Amino acid sequence: MNNDLDTLLNKRKVPDMPEGMNARIIAEAARTEQTRGSAQHKLSLGCVFTRLFDDIFPTPQPAWAAAAAVIVLALGFVIGDMVDIGLVDLSATNGDELSSFMSVEDSFSVQEWV
Amino acid sequence: MASNTDQISDEELVRRISESDHGAFAQLVERHSKLFFSAAYRMVSNPEEAEDVVQDAYIKLWQRPEAFDPSKGVKFTTWFYRVVTNLAIDQTRKRKPQVKSEVLDVMADKAPLADEQLSESDEQAMLEDAIQRLPERQKAALNLCFYEGLSNKEAAEILDVGVKALESLLMRAKKSLKDDLGAQGLLEEDKKRKTGS
C-alpha cells in the first residue's frame, strides 16, 4: 500500500527505447531527403528549360513588342471579319429573315423537352 | 572529457539541419531520442505508438527545421516537447474509442482485486490506466511537470497556457488520480480516511 499519491506516481515505469529506433528515424529522414532532393532536381531542370527558352526566344524590345501586338490585333480583325461573313451566309443572306429564326426559337415549348 | 560533438548546441545542430546536414540530424536524434521516447510513451502508453510519435516529430523537424526559431528565446528541447506532446495527443485522439473500451475492461478486471494483495505489475497497470483516463491536457501537464521534471513555466509554454492555468490542470489531475486510485484501494491515506481510522 502506498502512503501518498507521489510515492505511487514514482512507481510508474517506462519501457526501454525500442532497439534500432534511432537508426529507423535516421533512415526515414534519409528517404525523405531523397524525395526533397528529387523535387529540387525537378525544379532546377525547370529553371534550365526556362533559361534555354529565353535564349532561343529572347524577350522582344518594346518596339518589337508593340509591332507584334499590332500584327496580332490586325490578324484578329481579319479572322473575325471572315467568320462574320460566314455567319451572314448561313442565315440572312439565304433569303430568310432573321425574324424567322427567332420565330422558330419562339415556338419552342417546354413540352418538347419533357 | 566531453567530445567535440557534445559541445555543439542543439540550436546549432538545427541550423545545420536546415542546410541538409544529415550528420547533424543523426546527432540530434542520438542526443534526445530517449528523452522524447519516454515523454511520448507517457502520453500514449504504447511503445510502438510512442516510437511513431517520436519519428514523426523528428521527420517534421528534418523537413521544416525553420519551424524552430531560436531567436524567440525558446530552448530546442522545450520546443520539441511541444511538437512531441501535440503529436502524442493527436495519436491518442485517433484511437480514443478503442482505449475507452479497453479501459472499461481493465476496470472490470481490476475491481475485485482492490482488497487483495496486488502484485507490482497489477499496481503498475492500474496506475497507468488511471493516468491514461485523465483528460489529455491534465495528463500532459502531469507528465511534463512530474515525470519530465520541467518547471511550471516551461510546461505552461509547451501547453500554450498561462502558469496559473497549468497549476490548475496539475491540481485537477492529481485530485482525479487520488480519487481514482484511492477508490481502487491503491492509496493508504485514502483508505484510512474512508474507514475513519
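None of the values given here were measured: they were computed from a predicted structure. Naming convention: chains lettered A, B, ... in sequence-line order (proteins, then strands); numbering from 1 in each chain.
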| query | Which bit of A/Asp6 is near chain B, if near means a heavy-atom gap under 4.5 Å: side chain, backbone, both or neither? | reply | both
| said: Using side chain to side chain contact (heavy atoms under 4.5 Å, CB included), reason through B/Asp180 and B/Met126 one step at a time and then give a plain yes or no. | reply: CA-CA 10 Å; B/Asp180 194 346; B/Met126 290 165 81; over 6 Å; no
| note | Ranked by heavy-atom pairs below 4.5 Å to chain A, first place among B/Phe25, B/Tyr58, B/Tyr147 goes to B/Tyr147
| message | Looking at chain A, which one of B/Glu48, B/Lys174, B/Glu128, B/Arg42 has the largest number of heavy-atom pairs inside 4.5 Å, strictly under? | response | B/Arg42
| said: Whether the side chain of B/Glu154 engages the backbone of B/Ser151 through a donor-acceptor N/O pair (distance < 3.5 Å, no angle test) should be reported. | reply: yes
| query | Can you say whether B/Ile131 sits under 4.5 Å from chain A via the side chain, the backbone, both, or neither, judging by heavy atoms? | reply | side chain
| query | Where on B/Glu30 is there a heavy atom nearer than 4.5 Å to chain A: the side chain, the backbone, both, or neither? | reply | both
| Ring centre gap for B/Phe68 and B/Phe80 strictly below 6.0 Å | no
| How long is the gap from CD on B/Glu167 to CG on B/Asn152, to the nearest 0.5 Å? | 5.0 Å
| task | Find out if a path of hydrophobic residues (ILVMFWY) with successive side-chain heavy-atom gaps under 4.5 Å connects B/Ile17 to B/Ile59. | result | no
